[in-house]
There are 2 protein chains.
Amino acid sequence: MPVTMRDVAQKADVSIKTVSRVVNDQGEVANETRERVSAAIEELGYRPSKLARALVTQRTDTLGLIVSDITNPFFSEFSCGMLDASQAQGYDVFLCNSGARVKPEIRALRSLADHNVDGIILFPSWLNEDKLRAFVERHRPVVVVNRAFEEHPGMGQVLMDARGGAKLAVDHLVSKGHTAIGMLAGYATYPDVFQRVCGFRETVVAHGLPLKDEWIIAVTPVIEQGRQAALQLLTQHPQVTAVFAYNDLLAVGAIQACRELERRVPDDCAIVGFDNVQLAALITPPLTTVHVDKYELGWQAVTLLVRMLDDPEAELPPVCLDVELVIRESA
Amino acid sequence: MPVTMRDVAQKADVSIKTVSRVVNDQGEVANETRERVSAAIEELGYRPSKLARALVTQRTDTLGLIVSDITNPFFSEFSCGMLDASQAQGYDVFLCNSGARVKPEIRALRSLADHNVDGIILFPSWLNEDKLRAFVERHRPVVVVNRAFEEHPGMGQVLMDARGGAKLAVDHLVSKGHTAIGMLAGYATYPDVFQRVCGFRETVVAHGLPLKDEWIIAVTPVIEQGRQAALQLLTQHPQVTAVFAYNDLLAVGAIQACRELERRVPDDCAIVGFDNVQLAALITPPLTTVHVDKYELGWQAVTLLVRMLDDPEAELPPVCLDVELVIRESA
DNA sequence: CTGAAAGCGCTTACAG
DNA sequence: CTGAAAGCGCTTACAG
């Protein structure tokens, strides 16, 4: 029932090929013909089928995005930037939630490949590098966010300076006189946890402070888990007077824990988060945290991916966004 | 380069049609043949092209979602429910951000139609009912969320009891002794604003309280706008001692305004929000608000849409979710 | 139980 | 400047 190219051709009394030419604005078409065809298109309300076109061109004008948890404001901000950029470039985007679990992540990759997306932006939860490379070779280009991979054709990387961010956080805590600093690390399956933990360890050691494994607790980075982990950390190791959290959600949980333990923030326990989500400024006390431009991160991921699509041979270096410390009241 | 049905057929020494049969698990196939084909599929890592299939079946196994602002936690929670439900039903989903503006919304509808999505879930910002009906007739079924339309084949509705929620909020404020109640309404282009404002007006009148148009301010429902609107409301009309907000974001803005005006919440000014997003419980003071299950709302929207797709003739009544008042400290 | 033909709605060489 | 043929990778009747 939808109107096809054939209908337009018939109405304009030309061949299908000619319609195709004016639709795609390619090849020479006599002005008079072009106008007749345009008129027919207008009149019939013709819109070319992306499906049919894709079948022959192997381009669908779609991108896939796989996030860990769309409910986490970090990812929704990122998605917003990604969507705006995609739209600006003429792509529509499939969204998939992996829950930061491997199986759903693989399922999402497969599913996106089945739909022939042109490219994928992925927050890998955990994924064998070889597997991902195999996927890229067999299917479509992937831009990986927040995880450093070995460079590989068809794989792009968009990173933030997580290590530097962790250093900023610890430096700040040390400057406030803290010597016993713990960390609420993200769940181990989040690859970028590694960078933040690294930065944390390095900086603590660089300051000549004690570094205890028991002071680093790994949990799923949501508020309630942060609360429980902080409760445990501060109860079992009361000497800890400062906490660096993998992200703001965990930091908020830590603030709740302090309230329950009647530890004043920042006097009895200082807390620094990471991401600077909207919530960070709204909580009491307002959170000192490491800021990263999440919208920009999403935008850059698309920019890189589109570049890869436009020139598959190009060797594009990883993109890395700077971070900065935002000092509020929690530390 | 990707492996096709033809490759499988060749390897299994059968016709393409037979491969199609085992892939789609339809028609009788001799066991021995089926196994040979399955083995070939396995061996070659064959995956059927959804594109090619869609071209003939007119089914893409995709759904579209158009939200106003993915950055608003209401929508991200909704999306989460929608994604989980879609996946459970075998659909992948396109996400579009309309920014609650008409043009991007229409562009998104068109774009989704171009990709032949099977159905669409839409938060209409403002859209002529006739236009939407025309779209549905020409293209694909749409489930509209949070806006009451006249019933129409191909259009489903998922609602929440917004009016009832507004009543709960006002009743609560009245029970606390408030007699001068203002409202921070959402920007007028949000259709569901209507229900909440209606419920507000009705209930205020039902209690025999004054209802002043100047006490109802319409703004874009984000925190900063809420802050400014509340500042204006409480400065120009200091007699107002209670505020009902269209959503939690506006309510949070109102709390900030009160802080700036040195009005204690709830003693000098009581505030009630709507949605019960995560932030509501975390702000100081914790927000009294109207709870609605956003995840469930997303899930229900998909359920309804899939029903419509499975049986285009069925007349499915609107789905309406209950709401409840969550009393915390802001009122 | 299995296959050959036609077609979904386009684009890509190739002619003229 | 314009068109006829082949084909993208599948499924849908229809035969046998």
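The sequence lines fix the lettering, A, B, ..., with proteins before strands; numbering per chain opens at 1. None of these values were measured; they are calculated from a predicted model. Computed over heavy atoms, backbone and side chain alike; hydrogens, waters and symmetry mates excluded.
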Visitor: In whole Å, what is the span from the CD atom of A:Glu32 to the C1' atom of D:dT2?
Guide: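 Interatomic distance, CD of A:Glu32 to C1' of D:dT2: 13 Å.
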Visitor: Counting C-beta onward and ignoring hydrogens, is there a side-chain heavy-atom pair between B:Val143 and B:Leu63 closer than 4.5 Å?
Guide: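 The answer is no; the side chains never approach within 4.5 Å.
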Visitor: Can you check whether A:Arg53 reaches A:Val23 side chain to side chain, under 4.5 Å on heavy atoms?
Guide: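 Yes, their side chains come closer than 4.5 Å.
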Visitor: Taking C-beta and beyond as the side chain, do B:Met155 and B:Glu129 meet within less than 4.5 Å on heavy atoms?
Guide: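 With C-beta onward as the side chain, the pair stays apart.
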Visitor: For B:Gln10 and D:dC10, what is the distance between atoms CD and P respectively, to the nearest whole Å?
Guide: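 Value for this atom pair: 14 Å.
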Visitor: Tell me: CD of A:Glu35 to C1' of D:dC1, nearest whole Å?
Guide: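 It is 15 Å, rounded to the nearest whole Å.
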Visitor: Between B:Thr18 and C:dG3, does any side-chain N or O lie under 4.0 Å from OP1 or OP2?
Guide: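 For C:dG3, OP1/OP2 do have a side-chain N/O of B:Thr18 under 4.0 Å.
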Visitor: Look only at the side chain of B:Gln157 and the backbone of B:Phe149, and say whether a donor-acceptor pair between them is shorter than 3.5 Å.
Guide: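 Yes, the answer is positive, given that a donor and an acceptor are paired below the 3.5 Å cut-off.
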Visitor: Who is the Watson-Crick or G-U wobble partner of C:dA13, with both distances under 3.5 Å?
Guide: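 Partner of C:dA13: none.
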Visitor: Using a 4.0 Å heavy-atom cut-off to protein, can you give one letter per nucleotide of nucleotides 11-16 of chain C, 5' to 3': B if the base is in contact, S if only the sugar-phosphate is, - if neither?
Guide: BB----
Visitor: Does OP1 or OP2 of C:dC8 have a side-chain N or O of A:Ser49 closer than 4.0 Å?
Guide: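 For C:dC8, neither OP1 nor OP2 has a side-chain N or O of A:Ser49 closer than 4.0 Å.
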Visitor: Quick one: A:Leu44 CG to C:dG9 C1', roughly how many Å, whole number?
Guide: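 Spelled out: CG on A:Leu44 to C1' on C:dG9 is 15 Å.
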Visitor: Starting from P on C:dG9, measure out to NE2 on B:His115 and report it in whole angstrom.
Guide: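 Going from B:His115 (NE2) to C:dG9 (P), I get 18 Å.
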Visitor: For B:Val67 and B:Phe75, work out which heavy atoms get closest and say how close.
Guide: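 Closest heavy-atom pair between B:Val67 and B:Phe75: CB-CD2, 3.8 Å.
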Visitor: Rounded to whole Å, how long is the line connecting atom CZ of B:Arg6 with atom P of C:dG3?
Guide: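 From B:Arg6 CZ to C:dG3 P: 15 Å.
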Visitor: If I take atom CG in residue B:Leu51 and atom P in nucleotide D:dG9, what distance separates them, rounded to the nearest angstrom?
Guide: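 Distance, rounded to whole Å: 10 Å.
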Visitor: Between B:Asp13 and B:Leu55, who's closer to the 5' end of DNA chain C by nearest nucleotide?
Guide: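 Its nearest nucleotide being more 5', the pick is B:Asp13.
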Visitor: A:Ser15 side chain: which of C:dG3, D:dG3, D:dG9 is closest?
Guide: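 Minimum distance to the A:Ser15 side chain belongs to D:dG3.
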Visitor: Does the plane of the ring in B:Phe135 sit parallel, tilted or perpendicular to the ring in B:His139? Use 30° and 60° as the thresholds.
Guide: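 The arrangement is tilted - the two ring planes meet at 30° to 60°.
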Visitor: Is it the case that the side chain of A:Ser38 and the backbone of A:Arg34 share a donor-acceptor pair, with hydrogens and angles ignored and the cut-off at 3.5 Å?
Guide: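 Looks like yes, one N/O pair under 3.5 Å.
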